[in-house]
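Notes for the one structure printed next.
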Amino acid sequence: MSGDHGHGGSQVNSGSKGSDSHKHKDKHKDKEHRHKDHKKDKEREKFKHSNSEHKEHSEKKHRDKDKLRHSDGSSDKHREKHKEKDKDKERRREEKIKSSDVDKPKKEKENGYVRDMSPAAIKSEPEEDNGFYPSPHHKNAKREYDDEEFEFKPKKVKTEHDKKAKKRKHEYEEDEEDEDIKPKKKTKDKKVTEGKKAKKEEEEKWKWWEEERYTDGSKWRFLEHKGPVFAPPYEPLPGNVKFYYDGKPMKLSAPAEEVATFFAKMLDHEYTTKDIFRKNFFKDWRKEMTSEEKSKITDLNKCNFSEMNEYFKAQSEARKQMSKEEKQKIKEENERLLQEYGFCIMDNHKERIGNFRIEPPGLFRGRGDHPKMGMLKRRIRPEDIIINCSKDSKQPKPPPGTKWKEVRHDNKVTWLASWTENIQGSIKYIMLNPSSRIKGEKDWQKYETARRLKKCVDRIRNQYRDDWKSKEMRIRQRAVALYFIDKLALRAGNEKEEGETADTVGCCSLRVEHIKLYPKMDDQEYVVEFDFLGKDSIRYYNKIPVEKRVFKNLQLFLENKQPEDDLFDRLNTSILNKHLQELMDGLTAKVFRTYNASITLQQQLKELTCPDDSIPAKILSYNRANRAVAILCNHQRAPPKTFEKSMQNLQTKIDEKQNQLSAARKQLKAAKADHKASHDEKSKKAVEVKRKAVQRIEEQLMKLQVQATDREENKQIALGTSKLNYLDPRISVAWCKKYGIPIEKIYNKTQREKFAWAIDMAEKDYEF
DNA sequence: GTATCTACTTAGGATTCTTTCG
DNA sequence: CGAAAGAATCCTAAGTAGATAC
């Protein structure tokens with residue numbers, strides 16, 4: 001064990017933050033390090049849904065200056081308290097678990113199982129509104145899964161013997177399966193001798209979506225796994241690879257050397273030129289040094305890692321050059337690891353784990369202007385890991401000579417293992433793959449919630465428009481914020497701890513400096529210009545005309561404020577979500593993003609798809625619809641490094657094609673002249689042939705040009721995120737069915753696995 | 001009401017694998 | 001066939017949001 005000294009057990013808050021006692025809402029930061037460098041500057045058109053115009057009325061102003069600000073000099077977070085707190089926490093958790101009915105015998109039917117309908121699970125009475133969904137989720141009852149109740153097919157409780165009704169598949173799902181199942185098979189023929197009531201059950205394809213869901217808030221009955229895979233131990237550098245300090249070679253102790261290699265590996269990365277990164281790295285590196293090293297190495301600028309850097313480059317080059325057999329071997333080893341650790345058994349089914357490897361140690365790479373970039377991410381040991389599994393499972397064994405931090409049996413959560421990370425002190429989890437039942441159900445549910453929003457969005461929109469006129473400042477702020485969230489698909493914008501993360505915002509945390517108001521701009525009135533860094537420090541830039549009333553409200557909110565003050569000083573996400581919850585059961589700010597994304601896709605597909613188009617043309621339309629959503633959601637990417645070049649290549653092809661074309665045209669002309677002169681059949685034919693050639697080349701050229709446009713449009717837009725997280729897959733599936741597009745043209749294998757439920761259940765007439 | 005903790009979704013970039021091109 | 005381009009997958013950071021503590 002090389003890398004990790006000293007950080008003992010209770011790392012809940014050990015080290016790091018010194019920021020503790022200015023927690024109040026006041027935001028006086030030095031503007032200094034506030035996103036100077038917006039890396040992405042392209043303006044983007046926005047998609048708006050049409051809002052019916054409301055008449056303007058004269059505006060009565062409300063003044064509300066007394067903000068919520070105050071300082072409280074919070075003293076309650078002293079470290080001494082932590083131990084007690086921890087104990088307390090533990091006690092509470094234990095109680096919680098106990099009270100859950102994990103162990104209640106009643107639901108375990110010795111052979112297969114039936115999901116429980118415990119008292120807590122009994123559905124509550126249907127509710128007002130459209131009467132469409134049954135249960136308001138009672139505050140104290142766990143959220144139940146019954147949202148989508150009425151959308152579901154009749155449920156059957158399947159036991160796993162139930163050999164699936166494969167036959168019910170629709171044609172192209174069949175296709176899909178054919179080509180899909182093979183790769184799968186190979187990972188499949190392991191016998192699962194699950195300890196439980198299991199049997200071989202190589203579930204051909206388990207249709208969890210046809211089964212009952214838990215309604216008592218529990219996530220599983222049985223859970224067994226082998227624990228995580230740890231990062232390989234540090235391998236010291238060979239003796240001939242040296243580190244130089246101040247020009248002289250210096251042998252480092254193993255711990256110091258390991259951390260040095262983290263830096264050395266990143267030498268080519270821009271990170272290592274950043275001051276904060278270097279500062280943080282150096283500070284943490286010194287912690288790993290022996291006292292001797294510490295006294296010698298005092299200046300990072302005198303450190304020369306280039307030999308180490310060369311070594312690693314050579315290594316990766318060598319890896320590439322390995323022979324087929326060697327590569328094969330590595331592949332097999334990985335496969336073995338995957339088979340052993342990559343799956344778990346949850347409720348009688350073998351499910352793929354999403355991330356069964358523990359994150360290796362390294363240097364923290366925050367995004368944007370992250371104050372902690374370069375800090376050392378320490379090595380995670382078994383002693384840091386909490387294992388979660390069911391009591392009656394075979395517990396995972398820690399590596400020889402080690403212990404888990406804890407083994408618990410909490411079926412109210414979905415994770416298999418967790419640890420506390422040392423940079424932010426947050427908890428990391430090992431969870432299942434998106435194709436798993438537990439993720440899939442949740443995903444499905446998400447879209448059902450969004451569909452419920454569709455049914456009442458008009459009402460909600462009317463309401464917030466009304467609220468723009470409220471006497472109460474907080475209501476107006478809430479209403480304007482909600483308008484932005486709805487219209488612009490902004491994120492909610494939770495507060496963040498200052499100085500702990502990059503300075504980014506969402507709707508509720510927008511500051512005065514992030515918007516500009518233009519009563520008139522060109523031919524438009526009441527234009528708001530947004531310019532801020534959102535999640536992942538991606539810039540959001542947009543100019544958008546808003547309704548007069550919104551504009552007036554914004555002016556009001558801005559009065560007497562400094563640039564660094566909150567725009568919505570009377571609002572936060574918790575207030576907003578509480579309000580939304582009252583408007584619709586299960587409604588939160590993020591549902592608007594899902595809803596607007598999905599509805600936009602559906603509507604764009606309707607608009608853009610020409611039934612007579614060829615398949616590639618239809619797919620182009622699909623991508624355009626997808627792109628509309630990505631633009632709405634501001635999903636950007638850095639233009640690929642090779643972008644310019646690949647564009648050039650394409651352009652070259654286009655040029656060639658153009659030359660071909662003019663050549664062909666010339667020939668056509670010549671042929672025509674020839675024909676005119678001779679008027680014979682032969683020359684007439686020649687003309688036709690040439691004409692055809694020209695036409696064909698024109699088409700090819702067109703295609704290339706479309707491709708170029710498409711690629712250019714996609715330069716800094718990422719389609720994947722919306723496809724994976726915001727677009728109800730049933731819309732895409734239905735579209736494919738309707739137009740006879742093979743589903744693989746839209747979803748790759750992984751995506752098909754994730755969306756198996758949608759592929760199985762959506763028909764061509766599916767409406768979001 | 002506010003701060004903190006926890007669990008889980010969403011996100012872009014890095015890395016690896018596969019296909020295409022010369 | 002090898003390199004380059006492109007697609008898929010991996011990785012893990014950075015959000016949201018609910019629960020709980022204070």
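We name chains A, B, ... by the order of the sequence lines, and we start the count at 1 in each one.
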In this structure, how many angstroms lie between the [atom2] atom of [N] and the [atom1] atom of [X], rounded?
X: Lys219(A); N: dC8(B); atom1: NZ; atom2: P; answer: 4 Å
X: Gln636(A); N: dA11(B); atom1: CD; atom2: C1'; answer: 12 Å
X: Lys412(A); N: dG18(C); atom1: NZ; atom2: P; answer: 19 Å
X: Asn577(A); N: dT2(B); atom1: CG; atom2: C1'; answer: 16 Å
X: Lys265(A); N: dA14(B); atom1: NZ; atom2: C1'; answer: 14 Å
X: Asn572(A); N: dT4(B); atom1: CG; atom2: P; answer: 15 Å
X: Lys439(A); N: dT10(B); atom1: NZ; atom2: C1'; answer: 11 Å
X: Asn725(A); N: dG15(C); atom1: CG; atom2: P; answer: 15 Å

Give a yes or no on whether a salt bridge exists between [X] and [Y], defined as a side-chain N under 4.0 angstrom from a carboxylate O.
X: Arg367(A); Y: Asp536(A); value: yes
X: Arg593(A); Y: Asp486(A); value: no
X: Lys329(A); Y: Glu332(A); value: no

* To do: Could you say whether Ser574(A) or Trp415(A) is positioned toward the 5' end of DNA chain B, judged by the nucleotide with the nearest heavy atom to each?
  =>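 Looking at DNA chain B, the more 5' nearest nucleotide goes with Ser574(A).
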* Taking the nucleotide of DNA chain B with the closest heavy atom to each, which residue, His635(A) or Lys578(A), is nearer the 5' end? ->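 The 5'-side residue here is Lys578(A).
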* Listed by chain and number, what are the ring pair (Phe, Tyr, Trp, His ring centres under 6.0 Å) partners of His225(A), not counting sequence neighbours? ->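 Ring pair (Phe, Tyr, Trp, His ring centres under 6.0 Å) list for His225(A), sorted by chain: empty.
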* To do: Could you list the residues that satisfy ring pair (Phe, Tyr, Trp, His ring centres under 6.0 Å) with Tyr622(A), not counting sequence neighbours?
  => Trp735(A)
* Under the salt bridge (Lys or Arg N to Asp or Glu O under 4.0 Å) test, which residues partner Glu644(A), sequence neighbours left out? -> Lys715(A)
* Could you tell me whether the side chain of Glu421(A) and the main chain of Ser426(A) form a donor-acceptor pair under 3.5 Å? =>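 Flag set: sc Glu421(A) to bb Ser426(A) pair under 3.5 Å.
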* Do the side chain of Lys754(A) and the main chain of Leu724(A) share a donor and acceptor less than 3.5 angstrom apart? ->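 Yes; judged by distance alone, with no hydrogens or angles, the pair exists.
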* Position toward the 5' end of DNA chain C (nearest nucleotide), Cys507(A) or Gln321(A) ->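 It is Gln321(A), whose closest nucleotide lies nearer the 5' terminus.
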* If the sugar-phosphate is the primed atoms plus P, OP1 and OP2 and the base is the rest, what is the B/S/- string for nucleotides 8-14 of chain C, using protein heavy atoms under 4.0 Å? -> SS--BSB
Tell me whether the side-chain N/O atoms of [X] come closer than 4.0 Å to OP1 or OP2 in [N].
X: Tyr726(A); N: dA11(B); value: yes
X: Arg593(A); N: dT9(B); value: no
X: Ser646(A); N: dG6(C); value: yes
X: His269(A); N: dA14(B); value: yes
X: Thr721(A); N: dG12(B); value: yes
X: Asn494(A); N: dT16(C); value: yes
X: Lys442(A); N: dC8(B); value: no

Would you tabulate the nitrogen or oxygen pairs shorter than 3.5 Å linking the protein to nucleotides 17-21 of chain B?
none

* Asked: How would you label the contact of Gly493(A) with the nucleic acid (heavy atoms, under 4.0 Å): base, sugar-phosphate, or nothing?
  -> sugar-phosphate
* Asked: Which part of the nucleic acid does Ser418(A) contact within heavy-atom distance under 4.0 Å: base, sugar-phosphate only, or nothing?
  ->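 Touches nothing.
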* Asked: Relative to the ring of His370(A), is the ring of Phe364(A) parallel (under 30°), tilted (30 to 60°) or perpendicular (over 60°)?
  -> perpendicular
* Asked: What residue pairs, at least two apart or across chains, pass salt bridge (charged side-chain N to carboxylate O under 4.0 Å, His left out) with a residue in residues 262-272 of chain A?
  -> Asp268(A)-Lys313(A)
